[in-house]
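To start, the structure under review is shown below, and the notes come after it.
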Number of protein chains: 2
Amino acid sequence: MSVEDAPVRFDQILMEPAYRKVAAAIGERILSRSLREGERLPPETELARQFGVNRSTVREALRELESGGLVKRRPGSKLMSVSRPQHDAIAEGVSRALVMHDVTFLEVWEALTIIEPPIAEAAARTRTAEDLAGITAAAERFAAQNAATERAVHYAAEFFRSVGRATHNQVLGLAQEPLLQLLEPSLRVMIDKVPQARSRIATAQKRIAEALQARDVDGARSWMTKHIRDFRKGYEIAKIDLELRVTAD
Amino acid sequence: MSVEDAPVRFDQILMEPAYRKVAAAIGERILSRSLREGERLPPETELARQFGVNRSTVREALRELESGGLVKRRPGSKLMSVSRPQHDAIAEGVSRALVMHDVTFLEVWEALTIIEPPIAEAAARTRTAEDLAGITAAAERFAAQNAATERAVHYAAEFFRSVGRATHNQVLGLAQEPLLQLLEPSLRVMIDKVPQARSRIATAQKRIAEALQARDVDGARSWMTKHIRDFRKGYEIAKIDLELRVTAD
DNA sequence: ATCGTATGATTGTCGGACAAACCGGCAACT
DNA sequence: AGTTGCCGGTTTGTCCGACAATCATACGAT
């Protein structure tokens with residue numbers, strides 16, 4: 001082999017602007033728990049002084065952290081404080097990503113068929129009395145909403161959320177949230193177009209809640225499976241094309 | 001009932017700063033496909049002129065969109081262009097959120113036991129020849145890495161990713177990504193401490209790949225189940241406390 | 001004890017400024 | 001022909017200084 005064989009290669013040099021370095025520096029301190037939850041950040045001018053950059057630069061960094069949910073302004077306060085990202089905010093980012101990637105209803109539905117039954121199963125094992133109260137409350141609120149579509153959709157999603165919370169597994173709760181967000185718009189259409197949808201959903205919710213109460217693992221799982229499968233039937237009856245791309249809110 | 005019964009209530013008035021309005025305006029145009037993927041945004045000065053705000057305000061809005069992955073700067077270009085959020089970037093946000101919420105290894109592992117087997121099952125149905133090639137390649141690369149821990153961990157995660165891709169369901173692929181990110185650090189420790197871990201992982205990967213090749217739905221699922229269960233055993237042997245909080249990267 | 005006010009701190013937004021980097025084209029050179 | 005050097009225009013990254021509006025706090029008035 002001659003020395004010429006391998007062409008000279010260099011790694012791409014990465015220039016990180018100051019605002020991203022500042023954001024990374026603050027973010028790392030938050031992630032490492034060096035800055036604790038709820039703790040207030042110094043004012044922008046002070047941060048600018050400490051980092052040796054301009055206040056504008058600090059502000060750009062703060063916007064980045066803010067949209068990641070690592071810092072937020074507590075209502076009625078000017079100073080930023082460290083926060084744990086809220087599930088719905090994080091999920092919204094995921095939802096937007098999925099929308100941008102042309103995800104179809106079918107994909108969302110398929111994901112639901114995969115994760116919801118095991119969630120119900122886990123919830124049957126771990127639910128507390130309090131969890132159960134929340135779940136039945138959501139089911140009852142859905143059943144009571146015979147008129148308002150908007151609220152019915154909301155409580156249908158809320159039912160899933162309360163079951164997710166009952167697993168006491170935050171990963172699962174967060175994983176299902178984007179799916180629910182993407183489900184809602186189509187559910188709105190479906191409930192309006194399919195008369196029998198409401199009663200079928202209400203029945204499934206009731207059966208699931210009963211199984212959870214009885215700690216009936218298999219029952220919870222199989223009723224949840226039915227519940228999800230019903231959605232697909234509803235889509236077909238409502239003639240919603242499953243290959244259609246989901247839309248944001 | 002006297003008229004005094006219901007206390008006067010007002011909804012909280014929400015003041016949205018200009019930078020967030022600008023970000024929302026641009027973001028909406030992107031989500032609605034009015035601005036197409038890859039299209040370049042006008043320069044900051046022009047945006048400032050159009051929105052009637054200062055350039056600094058536009059910049060703060062851009063930072064927000066940027067960290068959401070909706071816009072990014074293409075390498076070697078100054079103008080921002082519309083982009084679809086990359087999976088790993090989105091997943092990193094989710095991972096950070098989970099870390100901040102004190103998620104434990106047990107929760108991550110439990111989530112893996114729930115979503116990975118169905119993913120393997122789905123992959124057995126939908127995988128193409130190309131998918132299969134990627135999966136076996138990842139498995140072979142893992143098996144070949146008998147020395148370097150870092151790479152072994154990487155290819156162990158890459159194996160999951162390639163199986164996820166084989167489902168051709170983007171929702172599932174994106175849902176598993178944060179789990180893999182959180183798994184990696186602990187996997188690093190585990191592989192180092194448990195001598196037999198490598199061979200057990202390699203075997204499981206091989207069996208899963210074979211099942212996928214044969215389109216053996218049940219085999220793929222059950223071997224994936226074993227594969228995940230093995231991780232837990234590994235944790236216990238390595239004496240990694242499952243109640244420990246996961247850490248970021 | 002509640003309310004009104006004064007004071008200081010902090011943010012949101014603005015205007016202007018400048019160096020560095022990038023782009024396109026054109027001239028010069030090998 | 002292909003490479004190199006240079007030029008002018010554009011755009012970003014960063015800085016500086018400024019000001020009104022809002023919030024925290026203390027203090028005094030009712």
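To find a chain, count down the sequence lines: A is the first, B the second, and so on, and within it residues start at 1. Just so you know, these numbers use all the heavy atoms, side chains as well, and skip hydrogens, waters and symmetry mates.
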Can you check whether A:Glu44 reaches A:Arg59 side chain to side chain, under 4.5 Å on heavy atoms? yes
Take the protein atom CZ of A:Arg74 and the nucleotide atom C1' of D:dT22, then report the distance between them rounded to whole Å. 17 Å
Out of C:dC14, D:dC15, C:dT13, which nucleotide sits closest to the side chain of A:Asn54? D:dC15
Length of the CG-P vector between A:Leu79 and C:dT11, whole Å: 5 Å
Can you tell me the distance, in whole Å, between the CZ atom of A:Arg49 and the C1' atom of D:dC15? 17 Å
Whole angstrom is fine here: how far is it from CD in A:Glu16 over to C1' in D:dG13? 14 Å
Any chance the side chains of B:Ser67 and A:Glu64 put a donor and an acceptor closer than 3.5 Å? no
Tell me whether B:Arg188 at atom CZ has more than 12 heavy atoms from other residues, nucleotides or ligands lying less than 6.0 Å away. yes
Any ion pair linking A:Glu158 and A:Arg141 (charged N to carboxylate O, less than 4.0 Å)? no
Note: contacts of residues 39-46 of chain B with DNA chain D (heavy atom, under 4.0 Å) are B:Pro43, B:Glu44
Flag, side chain of A:Thr57 to backbone of A:Val53, donor-acceptor distance under 3.5 Å: no
Rounded to the nearest angstrom, tell me the gap between atom CD in B:Glu66 and atom P in D:dT12. 12 Å
B:Glu16 atom CD, over 12 foreign heavy atoms within 6.0 Å: yes
Once you round it to whole Å, what is the distance between P of C:dG12 and CD of B:Glu64? 12 Å
Between atom CG in B:Leu62 and atom C1' in D:dT14, what is the gap in whole Å? 15 Å
Are OP1 or OP2 of D:dC16 and a side-chain N or O of A:Ser56 less than 4.0 angstrom apart? no
Closest to the side chain of A:Arg73, out of C:dT11, D:dT12, C:dT13, is C:dT11
To the nearest angstrom, the CZ-P distance between A:Arg59 and C:dT13 comes to 7 Å
Between A:Arg33 and B:Asp102, is there a salt bridge with N-O shorter than 4.0 Å? yes
Decide whether A:Gln176 and A:Glu116 meet the rule of one side-chain donor and one side-chain acceptor closer than 3.5 Å. yes
Flag for B:Gln181-B:Ser95: side-chain donor and acceptor within less than 3.5 Å: yes
Close N or O pairs between protein and nucleotides 17-21 of chain C (under 3.5 Å):
residue : atom : partner : partner atom : Å
C:dA17  : N6   : B:Arg55 : NH2          : 3.2

